[in-house]
Amino acid sequence: MASAVAQDPSGAPPRAPGPPASGKRTRRTGVSARRLPYLLIAPAGLLMLGFIAYPMLSVFYYSLQNYNVTKPWRNGFAGLDNFRRIFTEDPLFWDSLVFSGKWVVTEVTLQLAFGLVLALLVNQTFLGRAVARALVFSPWAVSGVLTTTIWLLLYNPSTGVGRYLADAGIGTYGSSVLSDTGTVFWAAVLAELWRGVPFFAILILADLQSIPGDLYEAASVDGANRYRQFFHITLPHLRDAIILSTLLRAVWEFNNVDLLLTLTKGGPAGVTTTLPLYVAVTGFEAHDFGYATALTTVAFAILLFCSILYLRLSKFGGDHK
């Protein structure tokens, strides 16, 4: 029987059927597949670059300028004069920076302590736990200006808590804790505590509920009391949540402007002026935007350095459980 397979005119044996020899095309397809994710996220990346990188670069640019809308004849390139003025000629910068550190350390420490206690309490099983959680977390939903309004009413010397304390023989009538340099700091701290404690309570409670109950049962079988369970099981599991929440809250408290501006306006005598509040006053009241952006650049550098140092020292995300 004659062979059905056609022979090549050159005499070469026929090739077996298979995929076409297209090595270059396959390579090109592979390169496109690798580039596809970057092409898909490119629009979002460009938007983020425009909304984040451009403002940062513009702030740095204006920090090198003399830019005061009330004195346009002095506007122009200033070089590093604004920074020299900050570090060598401006005592208000150092006063506001010291108060910012005091404010952040006090607020974050107290908010963490009270937030941890609240999280442990509402994590227990009891009647009305859902209502108790809603009441504990509700201050976090209140804006800074509304929080200030509430506490201004409480601190009012005529109709607030001070009047009833004076009726009980504590303090004097007509005295305001917000006008006394010896009490205004703790009055502002208390107002911010009311708003900030739920933040820690929410994050810590979420992490508490992820701890396996078997660990506590095994510890109880081994004879560990509640004190040892807390320090050897609960705290190690809460470590990353505490580090992250304290870092975020420290940055937010450092940048706190709304509550202090509306509650004390940086007074009395400037004793409650944080660095961001000083920036706001310099920019929007003195209209010295060049110097205000230089202050902002310094504040950004301080926050960046402290955040990196804190994460490195705390070994955030390390193996500790």
Side-chain angles (χ1 to χ4, degrees), residues 96 99-119 121-122 130-165 170-171 174-206 241-242 244-281 283-285 299 303:
S96 62
F99 178 76
S100 297
K102 178 183 176 181
W103 172 262
V104 169
V105 171
T106 303
E107 280 292 343
V108 173
T109 302
L110 293 178
Q111 289 179 20
L112 173 61
F114 287 111
L116 178 60
V117 171
L118 278 178
L121 289 176
V122 297
V131 177
R133 287 181 176 180
L135 292 175
V136 167
F137 300 152
S138 58
W140 179 244
V142 179
S143 67
V145 176
L146 183 56
T147 300
T148 303
T149 304
I150 295 172
W151 285 92
L152 282 174
L153 293 174
L154 291 174
Y155 290 147
N156 189 291
S158 301
T159 60
V161 178
R163 175 184 176 183
Y164 299 99
L165 292 177
I170 303 174
S175 62
S176 174
V177 293
L178 297 178
S179 59
D180 187 349
T181 56
T183 58
V184 64
F185 173 73
W186 291 108
V189 165
L190 183 60
E192 182 65 12
L193 275 179
W194 181 78
R195 184 177 66 164
V197 166
F199 169 76
F200 284 96
I202 293 170
L203 289 184
I204 294 175
L205 177 63
I242 291 175
L244 181 60
S245 60
T246 51
L247 177 61
L248 291 176
R249 197 60 188 162
V251 173
W252 292 342
E253 289 298 344
F254 184 87
N255 292 321
N256 190 335
V257 173
D258 55 353
L259 185 135
L260 289 174
L261 179 62
T262 52
L263 186 66
T264 67
K265 295 181 176 59
V271 296
T272 58
T273 300
T274 59
L275 183 54
L277 183 54
Y278 181 40
V279 172
V281 171
F284 296 105
E285 292 187 9
L303 277 180

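Excluded from the calculations below are hydrogen atoms, water molecules and symmetry mates; all remaining heavy atoms, backbone and side chain alike, are included. Please read these numbers as outputs of a predicted model, since none were measured by experiment.
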side-chain contact (heavy atoms from CB on, under 4.5 Å) between Val142 and Arg195, worked out: CA-CA 7 Å; Val142 179; Arg195 184 177 66 164; 5.7 Å; no
How close do Arg133 and Leu205 get, counting heavy atoms only, and between which atoms? NE-CD2, 3.9 Å
Ser96-Thr273 side chain donor-acceptor pair, cut-off 3.5 Å: no
Mind listing the closest non-hydrogen atom pair of Pro198 and Val136 along with its distance? CG-O, 3.2 Å
Kindly indicate, with the supporting measurements, whether the criterion side-chain contact (heavy atoms from CB on, under 4.5 Å) is fulfilled by Trp151 and Leu154. CA-CA 5 Å; Trp151 285 92; Leu154 291 174; 3.7 Å; yes
Between the main-chain N or O of Pro268 and the side-chain N or O of Thr272, is there a donor-acceptor pair closer than 3.5 Å? no
Heavy atoms, side chains only, cut-off 4.5 Å: are Trp103 and Phe185 in contact? yes
Is a side-chain N or O of Thr109 found less than 3.5 angstrom from the main chain of Thr106, in a donor-acceptor match? no
Check whether Ser176 reaches the backbone of Pro157 with its side chain - one donor and one acceptor, N or O, closer than 3.5 Å. no
Heavy-atom side-chain proximity of Ile242 to Phe200 below 4.5 angstrom: no
Taking the basic N atoms (NZ, or NE/NH1/NH2) and the acidic carboxylate oxygens, is any pair closer than 4.0 Å for Arg249 and Glu192? yes
Taking all non-hydrogen atoms of both residues, which atom of Leu277 and which atom of Lys265 are closest, and how far apart? CD2-C, 4.5 Å
If you apply the rule side-chain contact (heavy atoms from CB on, under 4.5 Å), what do you find for Leu110 with Val189, and how did you get there? CA-CA 9 Å; Leu110 293 178; Val189 165; 4.0 Å; yes
Ignoring hydrogens and geometry, is there a side-chain-to-backbone donor-acceptor pair from Tyr155 to Val177 under 3.5 Å? no
For residues Leu263 and Ala188, report the shortest heavy-atom separation together with the two atoms involved. CD2-CA, 3.9 Å
So how far is it from Leu121 CG to Leu116 CG, rounded to the nearest 0.5 Å? 9.5 Å
Shortest non-hydrogen pair, Phe137 vs Ile202, comes out as CD2-CG1, 3.5 Å
Asn156 versus Leu152: any side-chain heavy-atom pair under 4.5 Å? no
4.5 Å side-chain heavy-atom contact, Trp252 and Phe199: yes
So do the side chains of Thr274 and Asn255 get within less than 4.5 Å of each other, counting heavy atoms only? no
Could you pull out the closest heavy-atom pair between Leu260 and Phe99, with the gap in Å? CD1-CE2, 4.4 Å
Return the CD to CG distance between Glu107 and Leu193, rounded to the nearest 0.5 Å. 4.5 Å
Looking only at the side chains, is there a donor atom on one of Thr262 and Thr148 sitting less than 3.5 Å from an acceptor on the other? yes
To the nearest 0.5 angstrom, please state how far the CG atom of Asp258 sits from the OG atom of Ser143. 7.5 Å
